[in-house]
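Report on the following structure.
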Amino acid sequence: MKRAFRRLGTKISDSWTNFINFFKVANVNVKASMGLMGLGQFMYRQVGRGIMYLGVEILGILFFAIYGFQWLIGLFTLGTVQGDPWTGKDGDNSVIFMLLGLMSLILLILFITLYISNIRDVSRTSKLVLKGEKPKNFREDLKDLLDKKFYKTVLFLPLLGTIVFSVLPIVFMILIAFTNYGDPIIPPVLVDWVGMENFVRIFSMGDIGPTFFKILGWNILWAIATTLLNYVLGLLLAILLNKKIVKGKFFWRLFPILAYAIPGFITLTAFKFMFAQGGPINNMITSNGGDPIPFLTKDGTWWARGIGLLINAWLTVPSVMLLATGILSNINNDLYEAAKIDGASSMRQFKDITLPFVVFATTPTLITSFIGNFNNFGVFYFLRSTITSDGYFVSNDTDLLINWLYRLSIDKQYYSIGAAISLIIFIITSSISLIIYVKSPAYKKEDTFR
Amino acid sequence: MKKIKFIFAFSLVSLLALTSCDPGDDPDVPPDPGTITDPSPDDSVFDKFNGELERNVTIKIVENDTAIKMGYLDELLDAFNEEYAEYGITAVDANQGEFADLPNSGPYGYGPDVIYQANDVLMGWVQDKHVTPLPTHLIEAYESDVIPTAAEEAYKAVANNVNYTFGVPLNIQAPLLYYRKDLLPSDWQTNWDDDNNGVPDMVENLVDLYEFSKMYHAEDSTKYGFEFSLNDFYFSSGYLFSYGAYLFGDNNRDDEDIGLHAGDAKLGVQVLRQFAAEMSAACIDDSAKLAISGAMASGKYFASVTTPDVRSVIVDTLATTYQSEKGLSAEEATQLADENVVGVPFPDLPANGDLINPSDEMIECKQMGGINGYAMSSYTKYPNASLAFINFATSYKMVKLREEILQIAPVRSDVAEESDELSQQLFEKISNGSIVLMPSIKAINQVWTPAGSFMGDVAADPNRGANAKYDTLDKIQAALEQLSQDIYDAIHLLD
């Protein structure tokens, strides 16, 4: 940590020295743009660019003078005046403050980026002029945006969309994890920053620490087991239906596709009904003289886990089968012919040709499948959301982290704890995915099957 | 890579800067009971109720789905709009569903102005100030003194040491025991009516219902005398309350005191456990609740527990059965079904909490219930028009009309006096505390899942044999204490 800070210090010091040196050698036009955005461009008669940079500076200063600065302060204070809806007294909404503060921060970063771009731009122009070339005019700039720099034009909107709809909510969620936002601290009550308190609570041995580790353990087991099960079953089904001896392939493929096409929540509701204590399966068992099986009750921990695995296989295997069918049709038959001539058995052919090819092609899918299963909310929410287990805090022994997160943040309104768990889930899933992907042949031998 | 490192370092520094800020003070300061006062008409929260009706405005009303479906809301809106036409006030259906999300719509200006809901829902919004205190001195129902104290209490909460009222009670919601009159044994008047009061004993006390259930099941092993989903704590909590349990202390206001293990609550659990042995496995989860209409129509269940709004579904299903089995016309079948599906308050319980060796002394079975009523959004721009609507909708005339159309038990004593016997029984139970009202504090949300899960576990216990978890009173007591603790922990996680 100390070393990281030392490096950071060195980096800042180097940057400052570079800036001083740059300032010393910069000509008057560059220095003009440092003082007022666009001025250097005007001095080079680049009116279009000059107006744009100047416009950015004016708008930026106006925005930060009127709103932005206040919003930034709000990000740190999260409001100072508590409103009272009963008397109609307007107050600060901490959550809105956080959101606006975050937007302001993003706009500030954007403003600084444009400021630096303004200096770089005029510096580049000054170098062109030094070489005796003519500075580009506005029309040439526009032409570039539709030609050489077309990628910038095309990527602008997606980048903006990503920032607004993806980056902003993620950073917002991360920030929530460091506050006390949650029942009873919900606006109009003012929210505060609490540092690492929520993480300490999760990892401590108090109310929720033990539950977290129990759920995490089951969550990892579930994600691995269900991903492998679905993958193996889907692959086997695809191989089976790919065999020439199978008659009526279309007919047999139709059934899994039907299961896949039916909305998941309908399937889950149907399975819940089937395995309910008074459901058809238990009715059949009792009418034949047996005792009802606690499939989904408090006692049915492993029954419910097993049922969850099977239901998820029911829902997911068809998509794996379809994927594998497509991949299998791409394998060069010459490989099998050659293997047969060399005397390789069917098993050997599967192990050395089919499996590596399919695994190679589906590793990224396997990773997304793993993440999807790690965060598989639906299965156990539908099956056992009305149950809590002994020794589990506001959860049960089949809940995954995502289910627990839902119970804490939506049912119980403990948003900050929920956000902290989300952050932990994000760290776990992204780390595992990254490691698996980097270690996989799909990454290491990218060109193998090209 | 250097850029990534820099961004990471910058983020870390920013995060540390943010996290180094001080947390605020705890705003949750419990009121000192000695200093609590009634609100004064001059209280600043009532300033907005200045008596001047806002003109040419539209107020949005949330009503329950049944009232909309049965046409009551249209009648109410038409009558109100006609009455206030000269002011240009128009009340309309908010079209936000009966479970309107006021906390997430109100602050942003698109929530309803007036909401009809159960007391636990409405009062759950008080802590965050989403519903506003009402000036009872300006509300006819309160001024006429026709609201029972218990119902009024359901809408009171203390804020800033003042005991405000946040709603106007309208009708009583409580689960009832429903049974099939035509499935009573033919000799019930001679053998099942010891007190000769014309009411079958098996729907008057649980001991006889237990005996009858055994007999009913013995005659046909696919049928059950009494069956309901024990995991629904709204249905099963009354058995615990009857023996001394309570949800929250201080008349259900103190969430620091969880009392599901209080008194002899364990006897209530024992009663349910004993009865669960005579029920099917469907009593463990929602199966019995979901199957109720079909099971009662087919005679699989002689009696069950549900809320009054489900009765019409049972009647409809039974009518269909009658049509096919007895060849009756639709009208005849519906009339017969309506006569044969009878609702009664929960049967009495043995004082010793033992159905197998019951005591002679019986105690009244309490049941959880709710008081539905109107409340006003704190974010309404038209408080005076909204208050006029609440006054209008809770007037004698409209409550009477509501009772006639929706067949519900009214809270207003002047309407209740003229109601049917069941409504009067419920009114009496509300007044004497036999219906335990759902707590009017937000913490109730933390009760349903763990308590329901526990009751489901109790229902499963008779099938566990030697591994039974609740076969002694000591074990039940320990489990109830743990349940209370779990609920406490869930409520006070962030304290």
Side-chain angles (χ1 to χ4, degrees), chain A residues 4-5 7-8 11 75-77 82 84-88 93 174-175 178 180 182-197 201 207-208 273 276-279 282 286-287 291-292 294 296-299 385-390 393-394 396 407-408 411-414 416-417, chain B residues 2 5-6 9-10 12-15 17-24 27-28 44-45 47-48 103 106-107 127-130 132-133 159 222 231 280-288 290-291 378-379 442 445-446 448-450 452-454 456-457 459-460 463-464 482 486 489-490 493-495:
Chain A
F5 275 108
R7 275 187 198 162
L8 184 68
K11 174 95 188 160
L75 180 62
F76 288 88
T77 64
Q82 189 165 314
D84 187 349
W86 290 351
T87 56
N93 184 324
I174 291 172
L175 292 182
F178 297 94
N180 59 357
D183 189 29
I185 315 287
I186 294 173
V189 179
L190 296 174
V191 175
D192 270 309
W193 297 107
V194 294
M196 304 295 286
E197 201 175 281
R201 208 185 284 267
D207 292 335
I208 56 179
F273 170 70
Q277 281 310 104
N282 264 330
T286 48
S287 58
D291 290 326
L296 304 174
T297 64
K298 213 167 177 172
D299 291 340
S385 62
T386 55
I387 287 174
T388 54
S389 297
D390 301 336
F393 181 77
V394 196
N396 66 50
R407 285 184 194 249
L408 287 172
D411 285 353
K412 312 294 177 193
Q413 293 190 313
Y414 294 139
S416 55
I417 296 279
Chain B
K2 279 183 180 177
K5 279 184 184 172
F6 179 75
F10 177 76
L12 197 69
V13 171
S14 306
L15 215 56
L18 290 172
T19 57
S20 63
C21 297
D22 287 336
D28 235 11
S44 62
V45 299
D47 285 351
K48 57 193 169 193
Q127 190 181 325
D128 299 332
K129 297 196 168 185
H130 298 305
T132 193
T222 64
N231 73 327
S280 76
C283 73
I284 297 170
D285 59 17
D286 289 340
S287 302
L290 296 172
S378 299
Y379 310 100
K442 202 174 175 181
N445 294 332
Q446 312 284 4
W448 302 117
T449 308
S453 181
F454 168 73
D457 205 31
N463 295 325
R464 290 195 180 107
Q482 185 59 49
D486 288 347
D489 291 343
L493 175 66
L494 294 186
D495 288 359

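Order of the sequence lines sets the chain letters (A, B, ...), proteins ahead of strands, with each chain counted from 1.
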> Checking heavy atoms, do the side chain of B:Ser378, its backbone, both or neither come under 4.5 Å from chain A?
Replying inline: both
>> So which residue, B:Asn445, B:Asn463, B:Leu290, B:Ile284, ends up with the most heavy-atom pairs under 4.5 Å with chain A?
In response: B:Ile284
> For B:Thr449 and A:Ser385, which heavy atoms make the closest approach, and how far apart are they?
Replying inline: CG2-O, 3.9 Å
> Which of the residues A:Gly278, A:Pro294, A:Gly279 is involved in the greatest number of heavy-atom pairs with chain B at under 4.5 angstrom?
Replying inline: A:Gly278
> Quick one: ring-ring contact (aromatic ring centres under 6.0 Å, His included) partners of B:Phe454, sequence neighbours excluded?
Replying inline: B:Tyr470
>> Rounded at 0.5 Å granularity, tell me how far CG in B:Asp486 sits from CG in A:Asp390.
In response: 7.5 Å
> Quick one: OG1 on A:Thr388 to CG on B:Asp457, what's the gap to the nearest 0.5 Å?
Replying inline: 9.0 Å
> For the candidates B:Thr132, B:Thr222, B:Asp285, which exhibits the highest count of non-hydrogen atom pairs separated by less than 4.5 Å from chain A?
Replying inline: B:Asp285
> How many angstroms lie between atom CG of A:Leu296 and atom CG of B:Asp286, to the nearest 0.5 angstrom?
Replying inline: 11.5 Å
> So do A:Gln277 and B:Asn231 actually touch side chain to side chain, heavy atoms under 4.5 Å?
Replying inline: no
> In terms of heavy-atom pairs under 4.5 Å with chain B, which of A:Asp299, A:Ile387, A:Val394, A:Thr286 leads?
Replying inline: A:Asp299
> Just how far is it from atom CG of B:Asp128 to atom CD1 of A:Ile186, taken to the nearest 0.5 Å?
Replying inline: 5.0 Å
>> Distance check, rounded to the nearest 0.5 Å: B:Ser287 atom OG versus A:Asn282 atom CG?
In response: 8.5 Å
> Side chain, backbone, both or neither: which part of B:Asp47 has an atom under 4.5 Å from a heavy atom of chain A?
Replying inline: neither
>> Taking side chain as everything from C-beta outward and backbone as N, CA, C, O, which of these in B:Ser280 sits under 4.5 Å from a heavy atom of chain A? Side chain, backbone, both or neither.
In response: neither
>> Below 4.5 Å, heavy-atom pairs only: which of B:Ala282, B:Gly106, B:Ala288 has the largest tally toward chain A?
In response: B:Ala282
>> Under 4.5 Å from any heavy atom of chain A, what part of B:Lys48 do you find: side chain, backbone, both or neither?
In response: side chain
> What is the distance from atom CG of A:Asp291 to atom CZ of B:Arg464, rounded to the nearest 0.5 Å?
Replying inline: 13.5 Å
